Amino acid sequence: MTEDTAEHAPPLTILAEDEAILRESVREFADAQVRPLVRDMDEHAKIPRALIDRLFELGVMGIEIPESYGGSGGTFFHAVLAVEELSRVDPSVGVLVDVQNTLVINALLRWGSEDIKRRYLPLLASKTVGAYALSEAGSGSDAFALTTRARQVDDGYSLTGRKLWITNGNEADLFIVFATIDPDAGYRGITAFLVERGFSGFTVGKKEDKLGIRASSTCELILEDCPVPRENILGEPGKGYKTAIETLNEGRIGIGAQMIGLAKGALHHAIAYTKERRQFGKPIAEFQSVQHQLARAAVDVEAATLAVYNAARLREAGRPFLTEAAICKILSSEVAERVASLAVNLFGGNGFVKEYPVEKLYRDAKIGQIYEGTSNLQLQTIAKQILG
Ligand SMILES: Cc1cc2nc3c(=O)[nH]c(=O)nc-3n(C[C@H](O)[C@H](O)[C@H](O)COP(=O)(O)OP(=O)(O)OC[C@H]3O[C@@H](n4cnc5c(N)ncnc54)[C@H](O)[C@@H]3O)c2cc1C
């Protein structure tokens, strides 16, 4: 873990003016534009295109894209704040924005050629949703055991294989697809390709019917001799593993942001409800055991927030952040599950029905311990660091 010194060390949770402005505008947007749709989106397992268009108008679909490419010219920390604020209200909308920014745009900014940036960044900033396709049926935690094959053809590559669990699969028009150009080379064969929805031989398959974050689409991708021009290789051939590792290290902080947003949303509902609901002649928030439960949740939320902001600020400062990102993901996802579970308990019977918002947050929390590296994989990263 980082123990460096810095000349100035401002408190982690104090926001710069631009950060505070962004947080406020996303919070207002989430309350006004997202909240009224949450139940319907969960029930129908769909985020309406009109809402996605409004996210583009708000500027949160291209946060780190420089203004010269039509983006918001913001920072990684801005993306973290936006994902957190959206996830307070709906973690499905949170993850749509998270994948767009912390995985897809991040990878293009870092690894894209000037030609790729010119062709795709203005689209990603204005109307195109992106997706990040690494996992397959046989390769999840062991991601580099992937079998999607890229065969060299005259003017590029031809991709064949199937990807599974791809977030934004339904909405995306641009996909970062990881495939191997040489199965015998192991991870050194892995290459990242940019695949457009309209490429021949590419189809979006089955959409998963899920426990939580139901409105976020999770889809299979099918590639059958899908031709991809050489210019659409992201980074260098055989270096896709590096792109995957590095973007996922950062993406994990975005999932941390999703989880603290969820936990804050659940705690907010629990506080409001316990002040209203009366039993034994008084609001249940006046019972000391309930107060202690809420206080414990606040402790959890504070700890997870500090971990997420610390990892994000380290990344922003160009300092090592690998272990801190793993810590923030595991902590925030466990906190999200605990706080959402408490909120369900404190709502009593009302916590168990869809008319109230907390059962959904409880279902949504579970994914934080699974995607972008399961909790066991995060523990492995942390153990490796502390054991040396
Ligand atoms: C809703 C959703 C959205 C997703 N979005 C995307 C996406 O956009 N793009 C993408 O590429 N993928 C995506 N994924 C895939 C996700 O990243 C994988 O599901 C995840 O990495 C786990 O892989 P797996 O499902 O194959 O589980 P497995 O790897 O089979 O793991 C099963 C269990 O075994 C444990 N385990 C595995 N290996 C070890 C080990 N070495 N030591 C200890 N324990 C171990 C795991 O911790 C887990 O508990 C998504 C998944 C879901 C459910």
Side-chain angles (χ1 to χ4, degrees), residues 42 45-47 83 87 90-107 129-148 161-172 174-180 190-195 204-223 234 240-241 243-252 254-256 258-259 262 325-326 329-330 333-334 336-337 360 363-384 387:
D42 186 58
K46 192 169 169 49
I47 300 177
V83 172
S87 302
D90 191 352
S92 288
V93 176
V95 77
L96 175 117
V97 170
D98 175 62
V99 168
Q100 175 87 355
N101 285 285
T102 72
L103 294 182
V104 178
I105 290 169
N106 193 0
V129 175
Y132 184 91
L134 178 64
S135 303
E136 298 179 1
S139 60
S141 299
D142 188 9
F144 297 154
L146 61 81
T147 60
T148 295
R162 278 169 187 249
K163 293 289 173 184
L164 203 59
W165 311 118
I166 307 310
T167 298
N168 296 350
N170 245 12
E171 300 79 14
L174 184 66
F175 299 78
I176 300 179
V177 175
F178 292 87
T180 179
I190 294 170
T191 305
F193 294 88
L194 289 175
V195 176
V204 176
K206 180 176 79 127
K207 176 169 158 260
E208 303 296 340
D209 188 6
K210 306 195 297 293
L211 169 75
I213 56 161
R214 291 177 53 77
S216 158
S217 67
T218 310
C219 303
E220 182 184 25
L221 307 182
I222 302 157
L223 298 117
L234 184 61
Y241 69 95
T243 307
I245 289 172
E246 294 193 8
T247 43
L248 285 170
N249 286 343
E250 299 180 354
R252 246 157 238 156
I255 300 305
Q258 183 199 29
M259 290 292 122
L262 190 161
K329 180 170 181 285
I330 196 162
S333 55
E334 289 177 2
E337 187 180 342
K360 173 182 180 296
R363 288 186 282 107
D364 288 351
K366 197 70 216 173
I367 191 60
Q369 294 170 51
I370 298 172
Y371 58 14
E372 296 203 30
T374 64
S375 290
N376 276 359
L377 273 281
Q378 305 310 318
L379 289 173
Q380 250 177 37
T381 301
I382 299 162
K384 206 166 153 187
L387 293 169

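Remember, it's 1-based here, ligands and their atoms both numbered in the order they're listed. Just so it is clear, the values below take in all heavy atoms, side chains as well, and ignore hydrogens, waters and symmetry mates. Here the structure is a predicted model, which is why all the values come from computation and not from measurement.
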Polar side-chain atom of [X] near backbone of [Y] as donor-acceptor pair, under 3.5 Å:
X    : Y    : result
Q378 : G373 : yes
K329 : S375 : no
E220 : R162 : no
E250 : T102 : no

What do we get for [X] next to ligand 1 when only non-hydrogen atoms under 4.0 Å count, side chain, backbone, both or neither?
X    : answer
E372 : backbone
T167 : both
I367 : side chain
L134 : both

Pair I213-Y371, side-chain contact (heavy atoms from CB on, under 4.5 Å): steps then yes or no: CA-CA 12 Å; I213 56 161; Y371 58 14; 3.8 Å; yes

Which ligand 1 atoms are under 4.0 Å away from a heavy-atom of [X]?
X    : value
Q380 : 40 (C), 41 (N), 42 (N)
I370 : 20 (C)
N376 : 43 (C), 44 (N), 47 (O)

*Test side-chain contact (heavy atoms from CB on, under 4.5 Å) applied to I382 and I330, step by step*: CA-CA 10 Å; I382 299 162; I330 196 162; 4.3 Å; yes

Notebook entry, point to check: Any non-hydrogen protein atom below 4.0 Å of atom 33 (C) of ligand 1?
Noted result: no

Top protein contact for [atom], by heavy-atom distance:
atom                    : value
atom 39 (C) of ligand 1 : L377 CD2, 4.0 Å
atom 9 (N) of ligand 1  : Y132 O, 2.8 Å
atom 6 (C) of ligand 1  : W165 O, 2.7 Å
atom 48 (C) of ligand 1 : T374 CG2, 4.0 Å
atom 23 (O) of ligand 1 : G140 CA, 3.3 Å

Q) Taking NZ, NE, NH1 and NH2 as the nitrogens, is one of them in E337 or K366 under 4.0 Å from a carboxylate oxygen of the other? A) yes

Point to revise | salt_bridge(D364, R214) N-O dist < 4.0 Å | key: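 No salt bridge links D364 with R214.
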
Is there a polar contact, in the sense of an N or O pair closer than 3.5 Å, between [X] and ligand 1?
X    : answer
Y371 : no
S139 : no
G373 : no
K210 : no
S141 : yes

- prompt: Does I166 have a non-hydrogen atom less than 4.0 Å from ligand 1?
  reply: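 Contact check I166 vs ligand 1: positive.
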
Requested in this report: Please verify whether a non-hydrogen atom of E208 lies at under 4.0 Å from ligand 1.
Outcome: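 It does not; every heavy atom stays at 4.0 Å or beyond.
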
I'd like to check Q258 versus D98 (side-chain heavy atoms, cut-off strictly below 4.5 Å). Are they in contact?
no

(Q) Would you say the ring centers of F178 and Y132 fall short of 6.0 Å from each other? (A) yes

Item to complete: Check the pair V95, I367 against side-chain contact (heavy atoms from CB on, under 4.5 Å), reporting the backbone distance first and the verdict last.
Response: CA-CA 11 Å; V95 77; I367 191 60; over 6 Å; no

**Report entry** side chain to side chain contact (heavy atoms under 4.5 Å, CB included) partner of V104, chosen from V129, I176, T247
**Finding:**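 The option that passes is I176.
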
Checklist entry - What's the verdict on side-chain contact (heavy atoms from CB on, under 4.5 Å) for V204 and L221, showing C-alpha distance, side-chain angles and the deciding distance? => result CA-CA 5 Å; V204 176; L221 307 182; 4.1 Å; yes

To atom 10 (C) of ligand 1, the nearest of S135, A133, A145 on a heavy-atom basis is S135

